[in-house]
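Data first, discussion second: the structure below is written as structure tokens.
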Number of protein chains: 2
Amino acid sequence: MQISSRFSIGVHILSLLAVNSGAHLTSEWIAGSVGTNPVVIRRVTGQLKKAGLVEVRAGSGGATLARGLESITLLDVYRAVDAVEEGKLFHMHEQPNPNCEVGANIEHVLRLLMLKAQDAMEGVLGAVTMRELVDVLAVEIKRSAVK
Amino acid sequence: MQISSRFSIGVHILSLLAVNSGAHLTSEWIAGSVGTNPVVIRRVTGQLKKAGLVEVRAGSGGATLARGLESITLLDVYRAVDAVEEGKLFHMHEQPNPNCEVGANIEHVLRLLMLKAQDAMEGVLGAVTMRELVDVLAVEIKRSAVK
DNA sequence: TCATGTTGTAACTATAATGGTTACAACGAA
DNA sequence: TTCGTTGTAACCATTATAGTTACAACATGA
């Protein structure tokens, strides 16, 4: 199975807030850029808010970054939107037979490896800040604007 | 979401074939160790067979390793059971607005990172052979037998 | 004060993957 | 030819996702 698109949506939202900082960005407007429903945006925005990444104005509407892009890694976004539960990227079969030598011991051995693999994946996300991503994005935007 | 337990089941099956080599291991018997239904085992075994990792005797029954444990990495198992489609660990939202600067360019930028993260995860699996896993497993088995 | 537009959230839906289960034809060996 | 096994189809319950409608709570500006 796949990791929820909430992650890519979250990154998209933060990028919009960064690039269009100052503008009045409503869930409706963001949904237009992401290509989905405003409620989906509000749900993800709510998670980003709970994680302290954005601030949302109820009533008047609109969201803004709550922290500098430098201080937000992609792992922060990934965690904020609950993309994958901690240590549970892999689903292990649940009732290995404790009376079988292999069944009784494989869980422990395999679990270690799964955690290591998950850590490696998350490590890549943790090594990149939203600042870096937005900078690369800005270059891409310029390049595509020239064409 | 989580990566299918087919992966851990596949590793479990190969471990059984290695530890009990020579024995007549039917899907029924294996299912007893894994803690699931024989049909589930046959499904996974079928995938391992298709990948050339095991041989299965139709009719008389039983499965055996088709290759040396040294030549099978956990990544081979992961691929054999279709744990995650190539390059698709992350699900990216699918209709970013091409008329929006961010929407038009984020997919490309984010996709690169996702691939890098997935590669890191799979790299860990590729760096471990079934031989190594079974050796560690054997140590665990001994240790738990002593207690 | 009140009208307007927005957020937060509940509720419902369709879709898809998973893993368990029954059933049975095809097969191989004793 | 009998028996136990595999390979597969078919079905089911469960779960997560993502889209949608609906509406109360809220903030702001007229």
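The analysis underlying the following values was restricted to heavy atoms, covering all of them including side chains, and did not include hydrogens, waters or symmetry mates. Chain A is the first sequence line, chain B the second, and so forth, proteins listed ahead of strands; every chain is numbered from 1.
Rounded to an integer number of Å, the gap from A:Glu28 CD to D:dT20 P is 12 Å. Rounded to a whole Å, the CD1 atom of A:Ile9 is 8 Å from the C1' atom of D:dA18. Across the protein-nucleic acid pair, B:Leu89 atom CG and C:dA17 atom C1' stand 15 Å apart, rounded to whole Å. Distance, B:His24 NE2 to C:dG28 C1': 10 Å, rounded to whole Å.
Here the nucleotide nearest the side chain of A:Asn37, chosen from D:dA9, D:dT6, D:dT20, is D:dT20. If you check C:dT21, C:dT9, D:dG19 against the side chain of A:Thr36, the one that comes closest is D:dG19. The nucleotide whose nearest atom lies closest to any side-chain atom of A:Val39 is, among C:dT21, C:dT9, D:dT6, C:dT9. Side chain of B:Arg42, nearest nucleotide from D:dA16, C:dG19, D:dT8: D:dT8.
Taking side-chain N and O atoms only, B:Arg6 has a distance below 4.0 Å to OP1 or OP2 of C:dT18. Between D:dT6 and B:Ser27, a contact under 4.0 Å exists linking OP1 or OP2 to a side-chain N or O. Checking the phosphate oxygens (OP1, OP2) of C:dT6, no side-chain nitrogen or oxygen of A:Ser60 falls inside 4.0 Å. Between B:Ser4 and the phosphate of C:dA17, there is no side-chain N or O to OP1/OP2 separation shorter than 4.0 Å.
Backbone-only engagement by A:Lys49 is indicated by non-hydrogen atom pairs under 4.0 Å involving sugar-phosphate atoms exclusively. Looking at heavy-atom distances under 4.0 Å, B:His91 makes contact with sugar-phosphate atoms alone, never a base. Looking at heavy-atom distances under 4.0 Å, B:Thr45 makes no contact with the nucleic acid at all. Counting any heavy atom pair closer than 4.0 Å across all strands shown, B:Gly61 reaches sugar-phosphate atoms only and no base atom. B:Val56 comes within 4.0 angstrom of sugar-phosphate atoms only, judged by non-hydrogen atoms across all strands, and of no base.
One finds the CD atom of B:Glu132 at 8.5 Å from the CG atom of B:Leu74 (value rounded to the nearest 0.5 Å). In this structure, A:His91 NE2 and B:Phe7 CZ are separated by 13.5 Å, a value rounded to the nearest 0.5 Å. The distance from atom CG of A:Leu48 to atom CD of A:Glu55, rounded to the nearest 0.5 Å, is 12.5 Å.
Under 3.5 Å, the side chain of B:Arg43 and the base of C:dG20 form at least one donor-acceptor pair of N or O atoms.
When side chains are defined from C-beta on, B:Glu101 counts as touching A:Val19, because their heavy atoms get closer than 4.5 Å.
Using a 3.5 Å distance cut-off with no hydrogens or angles, the side chains of A:His12 and A:Ser33 do pair a donor with an acceptor.
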